[in-house]
> 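Below is a structure I'd like to ask you about.
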Amino acid sequence: MSAPRRLLARLRHLTAHGTAPLAEFAHLVAADLVSEVCSIYAMRPGDLLELVATEGLRPEAVGRTRLRVGEGIIGLVAATGEALNLPDAQNHPAFAYRPETGEEAYASMLAVPVRRAGRTLGVLAVQNRAPRRYDADEVEVLETVAMLLAERLAAGGTADGAEEGLLGTVARRFGGTTIVPGVAIGPVVRHGLAAPPRCLLADDPALEQKRLAAAVETMQRGLDELISARLPEGEAPREVLAAYRLIAADAGWLRRVEDAIRGGLTAEAAVHRVGGELRDRMRRVVDPYLRERLADVEDMIGRLLRALDGSEAPSPVPPGAILLARRLGPAELLDWHARGIAAVVIEDASAAGHAAILAGALDLPALAGARGALEAAESGEEGLLDADEGVFVLRPEQEVKAAYQREMAARRARQARWASLRDRPAVTADGTPMTLMLNAGLLLELGQLAATGAAGIGLFRTEIAMLARGAVTNVAEQAAVYARVLDAAAGRPVLFRTLDLGGDKLLPGSAPPEEENPAMGWRSLRVALDRPAVLRKQARALLLAAEGRELSVMFPMVATVAEFAQARALLLAEAARVRPAPARLRIGTMLEVPSLLWQIDELLKQAEFISVGTNDLMQFVFAADRGTPALAGRYDVLSPGMLTLLGWLAGRAEAAAVPLSICGEAAGRPLEAMTFAGLGITTLSMAAGALPPVKEALAAVDLPGFRKVLTAIRRNEAAAASLREPIAVWAREHGVPL
Ligand code: PEP
Ligand code: MG
């Protein structure tokens, strides 16, 4: 048996009884690594690291020496989760001298974090008198010892039990950003923290390699099954999962696992170790794309561990469970969804990330951020997620919980009412027909057409599928996606918007251009016109997908009629080549840039329809970045200025008999929707979840009556910042559900 394996075997024997003295642990490690000192620091409540055992430092320091996380070398290792290997520790900038320890005699130090299930439980350090850098084998041994020590610290408890018990009853709140709105109360389940393997050391490395290979195969098979069978509505969101599959086949991280097995670990321990390294690496990665990819690998590691211990079949979670995850890969989210989770909190998620896109498609209440929640929560504890307000509450107070339970019951009743609206025509109380359409961007969302009874797709954001996929796809791939959209619409109109990339929508690998104001920069149609190959390809894909059916296409971020004409000419040139030609090709535009308003008459001659993107139009009209939280709510679409603009536009479009619609987020809010209808804009396109409440509200509005009141409000309050309140008062008085 090699020396490290002999040490590990002895330590394993020690830890088997859970209560082995830590001093003995320290003694064995120091002897084996030929170090004068081995010290164990354990995490205490309040983020303090306490010296709990030492071989070599002064015994009276045990229980006395305490360092905050981040303080001294020990604190730094706990804070960063990374080992430090220092030949001259005392001259390291983080060194904090503690006279009671007597450590001034020791020059070199190797300190590694003791972590288990994503939590830092302590720090293990060895020190030597002579200045030296510890070699790779020594680092490896100490890291493996730290895994064993983690078991011991977890079993024996690292913190004062009484204090922990006290902490356990206090509600804690964590703020985050809404990914998918909704409310949930239920037991917490924690993701990505597979229990550390019980058996760390292998007697037969060859056998472990075989077990690993078998598990990899099982995992790959499971992934294929998942992709083909478990997707919602039977749809295959290839755009999300294709990139993921590539990672499953990537040999890099598997090779590291194999190396660790060669070093004497069991397959489980080796996978676990590589997973830990990966988590540490991820904490240092800033690039959002890379973080997403690494999250996918972490996802894969969880699958591999389950395949190894044969517990591949996922068991159901308790009803109403809220999943807490540091990061989450797309397949993992689908798995958890199949197991029955009711909501999800992802600490490290971006709204454009794969998991976020899937959560939206699955209509799973989801929150990003809430940092610290995962660390603070134990599985099975009660949690409350209010994704509407962006808060997660751990161990909610009884009264808070009761209030939310009432709210959830009211929501369920509302949902049932909305479902019954599906087949009713969208019409106001006085009988004015409304056209309510869907905003969509993924194949997954097509099922919402039937679920909501929408009149069609008023905005298909073609870039979303590509963002999810991570690349601009080729003509055939694009055509396949667009054809499926048209198939699902089954004759209902679909307004395809050409690629709207740039600003906050960046393809991975495309470094954002150095611009001071990317939202007003070289983006969207501007790029398309300067580099027309991509737009041409997309035009061809759309025309091919139509296969002789009617096709509607519009362009984003058009600032001048000349730009519109140029884009239109490009599309028409492709149309001249593609056969069969669409039954009808309608070419329209988004109206998002105010300059276009001053060319409205010319635009109305050339564009066959106009869709107002209030998200961008608002930001350019008010010179207020739509992504700046401090400006959120500062300027209102229901302000006198915006209503004048929209009312004027509606009048011009009507006079020219050009269909006008609104597809910004505002169209999906009942008060705004009825106001737009009051201005004469009766085609609105919105997210699926917004459609039923908008339909319900409009059904209660007597439009001629409201129009008169709206005119009076606009006249009387022309200097107000917003007309929201008087409009809402009228709505409430007339029984409009808002
Ligand atoms: C808009 O700007 O209102 C719009 C619908 O486009 P996006 O939100 O995709 O920019
Ligand atoms: Mg826009």
Side-chain angles (χ1 to χ4, degrees), residues 178-179 350-352 356-357 360 435-442 445 454 456-468 485 494-507 512 517-528 538 552-559 563-564 567 588-597 607 609-628 631-633 635-639 642 645-646 649 659-669 672-673 675-676 681 683-691 694:
T178 307
I179 300 178
S350 67
I357 290 169
T435 306
L436 303 186
M437 304 178 87
L438 274 191
N439 290 352
L442 281 175
E445 294 173 288
I457 297 179
L459 168 64
F460 190 84
R461 292 176 160 111
T462 57
E463 70 280 0
I464 299 291
M466 295 198 202
L467 287 168
V485 176
V494 178
L495 274 51
F496 287 99
R497 177 177 73 183
T498 59
L499 284 180
D500 184 22
L501 290 167
D504 65 335
K505 290 183 255 188
L506 288 175
L507 276 177
N517 301 299
M520 296 196 284
W522 190 60
R523 56 169 281 214
S524 192
L525 188 68
R526 299 160 184 189
V527 179
Q538 186 173 30
S552 302
V553 180
M554 60 182 176
F555 307 110
M557 281 293 288
V558 177
E563 283 181 348
F564 173 73
T589 184
M590 297 275 292
L591 199 154
E592 305 181 281
V593 185
S595 56
L596 212 44
L597 291 166
F609 61 90
I610 295 178
S611 186
V612 183
T614 44
N615 305 339
D616 275 316
L617 186 60
M618 285 286 293
Q619 81 165 340
F620 298 129
V621 164
F622 288 99
D625 191 325
R626 69 194 253 191
T628 299
L631 292 177
Y635 302 107
D636 197 347
V637 72
L638 298 183
S639 55
M642 272 310 278
L645 185 162
L646 292 170
L649 181 62
L660 179 76
S661 57
I662 296 185
C663 65
E665 300 312 307
R669 293 191 285 265
E672 279 87 332
T675 307
F676 297 154
I681 305 171
T683 300
L684 304 172
S685 192
M686 61 202 75
L691 204 141
V694 165

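Remember, it's 1-based here, ligands and their atoms both numbered in the order they're listed. Excluded from the calculations below are hydrogen atoms, water molecules and symmetry mates; all remaining heavy atoms, backbone and side chain alike, are included.
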> Check each atom of ligand 1 against the heavy atoms of Glu592 and keep those under 4.0 Å away; list them by number with element.
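Numbered from 1, ligand 1 contributes 1 (C), 2 (O), 4 (C), 6 (O).
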> Does Val593 reach the side chain of Asp616, with side-chain heavy atoms less than 4.5 Å apart?
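No, too far: nothing below the 4.5 Å cut-off.
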> Any side-chain donor-acceptor pair under 3.5 Å between Thr462 and Gln538?
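Looking only at side-chain atoms, Gln538 and Thr462 do form a donor-acceptor pair, the distance falling under 3.5 Å.
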> Look at ligand 1 and say whether Glu665 reaches it with a heavy atom at a distance under 4.0 Å.
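No, that is not the case, since the closest heavy atom of the residue is not under 4.0 Å from the ligand.
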> Are any non-hydrogen side-chain atoms of Ser639 and Phe622 less than 4.5 angstrom apart?
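Result yes, sub-4.5 Å side-chain heavy-atom pair found.
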> So which bit of Gln619 gets within less than 4.0 Å of ligand 1, heavy atoms only: side chain, backbone, both or neither?
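For Gln619, there is no contact with ligand 1 at all, from either part.
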> What atoms in ligand 1 come closer than 4.0 Å to a heavy atom of Asp500?
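Every atom of ligand 1 under 4.0 Å from some heavy atom of Asp500: 10 (O).
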> Which atoms of ligand 1 sit under 4.0 Å from any heavy atom of Cys663?
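Taking each heavy atom of Cys663 in turn, ligand 1 has 5 (C) under 4.0 Å.
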> By number and element, which atoms of ligand 1 are closer than 4.0 Å to a non-hydrogen atom of Thr614?
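Answer, ordered by atom number: 3 (O).
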> Hey, does the side chain of Asn517 reach the backbone of Ala519 with a donor-acceptor pair shorter than 3.5 angstrom?
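Between the backbone of Ala519 and the side chain of Asn517 there is no qualifying donor-acceptor contact (under 3.5 Å).
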> Do Cys663 and Met590 come close enough that some side-chain heavy atom pair is under 4.5 Å?
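They are in contact (side-chain heavy atoms under 4.5 Å apart), so the answer is yes.
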> Are the charged groups of Asp500 and Arg461 less than 4.0 angstrom apart, N to O?
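Here Asp500 does not pair with Arg461 in a salt bridge, since their nearest N and O are not under 4.0 Å apart.
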> Determine whether Arg523 and Met557 make a side-chain contact, defined as any pair of heavy atoms from C-beta on separated by less than 4.5 Å.
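Yes, at least one pair of side-chain atoms sits under 4.5 Å.
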> Could you check if a side-chain atom of Leu596 sits within less than 4.5 angstrom of a side-chain atom of Phe564, using non-hydrogen atoms only?
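They are not in side-chain contact.
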> Pull out every atom of ligand 1 sitting under 4.0 Å from any heavy atom of Leu459, numbered as shown with elements.
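Heavy-atom distances to Leu459 below 4.0 Å select 5 (C).
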> Look at the N, O or S atoms of Glu592, main chain and side chain alike, and state whether any lies under 2.8 Å from the Mg ion (ligand 2).
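Yes, within the cut-off.
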> With a cut-off of 4.0 Å, which atoms of ligand 1 are near a heavy atom of Arg626?
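So the answer, numbered in order with elements, is 2 (O), 7 (P), 8 (O), 10 (O).
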> Of all the N, O or S atoms in Asp616, which one sits nearest to the Mg ion (ligand 2)?
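Output for this pair reads OD2.
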> For ligand 1, which atoms sit closer than 4.0 Å to a heavy atom of Asp616?
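Atoms satisfying the 4.0 Å criterion: 1 (C), 2 (O), 3 (O), 10 (O).
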> So, does Met618 sit close enough to ligand 1 that a heavy atom of it is under 4.0 Å from the ligand?
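The answer is no: ligand 1 sits nowhere under 4.0 Å from a heavy atom of Met618.
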